[in-house]
Amino acid sequence: AGMNGTAIENFVCVIFNVSFMNCTWDVGRTASEDTQYFLYWKTSKREDFSGCQNYTKDNFGRHTGCRFQNVTIEHKTAYFLVNGSRNGQNIQSYEKRILLYQIVLINCISNYIIIEKLTPPINVTVNCTEASHSCEIRWQPPRTSHVKKHTCFKYEIVIENK
């Protein structure tokens, strides 16, 4: 239902600092200035959709993003729905079921993206001994919302001699 070209485009969500999620989208190609969008999401079919409480807006006051706090992605699937209206008429809905574990780190499939920006490794310690001319560097893996195997991480160390 709704006029062609009014559904949102380029839906992107970024998960950061483990429990925050920021979703953004572009307004539909034929969306007028009075079009308004509303984002809902859930992590299982049995749940009710939760609506966005913290929208970001464009210059016309249209919702073009949402910031979520205390997000957990323990489940494999998330369901997103963006609907809306203009002049009391419905616009085309945008609905996606996304398999989070398959694409959470970075992937782009069919006009939507889910990304998790990882925090740096934590508890980094450096222990250098002058006698052996060597240093031992230790750290713990970054906090993440879904990765349980620490062998999934690869690290790169850049040492600058000053």
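These numbers were taken from a predicted model, which means no experiment stands behind them.
Side chain of Q36 to backbone of G61: a donor-acceptor contact under 3.5 angstrom is found. Between the R67 side chain and the F20 main chain, no donor and acceptor come within less than 3.5 Å of each other.
When all heavy atoms of D58 and F60 are compared, the closest pair comes out as OD1-N, 2.9 Å. For the pair C66 and N22, the tightest heavy-atom approach, listed with the atom from each and the gap, is O-OD1, 3.1 Å. Smallest separation of non-hydrogen atoms from T6 and Q92: OG1-N, 2.9 Å.
Side-chain contact between Y155 and I137 is absent, with no heavy-atom pair separated by less than 4.5 Å. Counting heavy atoms from C-beta outward, H63 and W25 have side chains that approach closer than 4.5 Å.
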| said: Set out, in order, the CA-CA distance, both residues' side-chain angles and the distance that settles side chain to side chain contact (heavy atoms under 4.5 Å, CB included) for N83 and N90, then state yes or no. | reply: CA-CA 8 Å; N83 62 19; N90 288 338; over 6 Å; no

| field | M3 and I91: CA distance, side-chain angles, deciding distance, side chain to side chain contact (heavy atoms under 4.5 Å, CB included) verdict | value | CA-CA 6 Å; M3 186 179 200; I91 61 165; over 6 Å; no

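Here SG of C13 is found 7.0 Å from CG of L39. Values are rounded to the nearest 0.5 Å. Here the CZ atom belonging to R62 is positioned 9.0 Å from the CG atom belonging to D34, to the nearest 0.5 angstrom. Summarising the geometry, atom CD1 belonging to I8 is positioned 8.5 Å from atom CG belonging to D26; distances are rounded to the nearest 0.5 Å. To the nearest 0.5 Å, the span separating OH on Y37 from CZ on R86 amounts to 8.5 Å. Here CG of N123 is found 13.0 Å from CH2 of W139. Values are rounded to the nearest 0.5 Å. From Y40, atom OH reaches atom OG of S93 across 10.0 Å, with rounding to the nearest 0.5 Å.
Between F80 and W41, the two ring planes are parallel [angle under 30°; tilted spans 30° to 60°].
Residue D48 places its CG atom among 12 or fewer non-hydrogen atoms of other residues, nucleotides or ligands, all under 6.0 Å distant.
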